[in-house]
Amino acid sequence: MEERMEIDGAVAVVTGGTGAIGQSVIALLAKHGARPVAWDLYVEGGQDGVISCDVGSAESVEAAMEQTVARWGVPAILVTVAAVSGGFSPLATSATGTEWDEVFTAPETWERVLRTNVVGVANCMRSFARRLSDARRPGSVVNVSSISSGPVAEPGLAAYSASKAALNQLTRVAAAELGPLGIRVNAVGPGLMETPMRGPSRPNAGVTKKSDARPAEFASEIVKHVPIEQRHGRGEDIAQAVAAMLQTDWVTGQIVYADGGLTLRSPVTT
């Protein structure tokens with residue numbers, strides 16, 4: 001397929017579009033001339049350009065895609081930001097008896113995290129690719145991963161880290177499968193961010209057990225290891241990386257870490 005995918009004028013679906021990173025991606029894509037549509041589980045009434053969607057449900061994704069196509073047309077861009085962390089809880093602890101169950105990552109947390117962060121992305125890519133294939137048009141997907149997917153192994157984030165590692169391989173397999181259809185698939189992995197995954201109106205979805213919080217000084221110490229400006233990442237940093245990957249015609253199946261160089265210097269657990 002020789003036709004080039006252009007951001008200008010393209011309909012762009014952004015899952016998790018009302019969160020901090022999602023909003024930044026939408027703002028930058030709109031600046032480039034795209035017509036962004038936010039899909040999000042947390043939708044308040046009357047939000048223009050926002051469609052309610054639970055990405056972990058194939059039926060919900062299909063319904064959101066049908067609404068998108070009917071109102072804006074077939075999307076040429078898909079950015080999957082929607083994710084849940086599962087909270088900060090360990091696989092093992094020195095606690096005993098009932099205390100163990102209070103801090104251990106619950107089975108239902110694992111299920112919710114994998115359903116949203118892995119199966120949810122697969123649901124979205126499947127629906128997106130089907131519409132583009134039917135329309136015989138090129139497209140581009142950028143999945144939002146994390147440095148926790150591999151470069152960093154942070155205690156307490158087993159479910160989240162495993163889901164993002166799975167997402168990276170899903171990205172590579174999808175790139176191999178969808179390339180012949182003219183669809184590129186890449187991923188961007190944020191580093192330490194200044195804003196939480198959930199916005200002010202978002203509950204900490206997926207947390208089902210009490211969990212230990214990071215020490216207050218954790219972020220301020222880790223940020224000293226970031227080579228570029230010694231600061232936390234911002235939504236616009238990730239949005240710029242996403243836009244760059246959307247515009248690279250000869251790059252697919254790649255995982256790019258937008259972390260200011262954090263993983264070059266020291267693991268987050270230091």
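From a predicted model like this one, the values you see are computed outputs, not experimental measurements.
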What pairs with D249 under salt bridge (Lys or Arg N to Asp or Glu O under 4.0 Å), at least two apart in sequence or on another chain?
R4
Could you state the interatomic distance from CD1 (I255) to CG (L167), rounded to the nearest 0.5 Å?
7.0 Å
Among P75, P36, C53, which one satisfies side chain to side chain contact (heavy atoms under 4.5 Å, CB included) with V13?
P75
Check: T248 and R184 side chains under 4.5 Å, non-hydrogen atoms
yes
Taking the side chain as C-beta and beyond, is there a heavy-atom pair between N186 and V256 under 4.5 Å?
no
side-chain contact (heavy atoms from CB on, under 4.5 Å) between M245 and V251: does it pass, once the steps are laid out?
CA-CA 8 Å; M245 298 307 291; V251 176; 3.9 Å; yes
side-chain contact (heavy atoms from CB on, under 4.5 Å) involving S161 - partner list, sequence neighbours excluded:
S148, L157
G150 backbone acceptor or donor facing K164 side chain under 3.5 Å
no
What distance separates T18 OG1 from Q23 CD, expressed to the nearest 0.5 Å?
6.5 Å
Partners of N168 by side-chain hydrogen bond (donor to acceptor under 3.5 Å, both in side chains), sequence neighbours excluded?
S145, S149, Y257
Name all pairs fulfilling the salt bridge (charged side-chain N to carboxylate O under 4.0 Å, His left out) condition that reach into residues 117-134, sequence neighbours left out, sorted by first residue then second.
E62-R130, E62-R131, E66-R131
May I ask you to test the I7-I77 pair for a side-chain heavy-atom distance under 4.5 Å?
yes
Report yes if some heavy atom in the side chain of D54 is under 4.5 Å from a heavy atom in the side chain of R115; otherwise report no.
yes
Working to the nearest 0.5 angstrom, can you tell me the gap between S52 OG and D40 CG?
8.0 Å
Is the closest side-chain heavy-atom distance between L28 and E236 below 4.5 Å?
no
When rounded to the nearest 0.5 angstrom, what distance separates CH2 in W39 from OG1 in T68?
5.0 Å
The salt bridge (Lys or Arg N to Asp or Glu O under 4.0 Å) partners of R172 (sequence neighbours excluded) come to none
When rounded to the nearest 0.5 angstrom, what is the spacing between CZ in R35 and CD1 in I26?
14.5 Å
Is any side-chain heavy atom of L246 closer than 4.5 Å to a side-chain heavy atom of L29?
yes
Taking side-chain contact (heavy atoms from CB on, under 4.5 Å) as the test, write out the residues that go with V119, two or more places apart.
N123
With side-chain hydrogen bond (donor to acceptor under 3.5 Å, both in side chains) as the rule and sequence neighbours excluded, what pairs involving residues 71-81 come up?
D48-R71, T80-N143
Can you list everything that forms a side-chain contact (heavy atoms from CB on, under 4.5 Å) with T116? Sequence neighbours excluded, please.
V55, V84, R112
Partners passing side-chain contact (heavy atoms from CB on, under 4.5 Å) against A175 (at least two apart in sequence or in another chain)
V185, T252
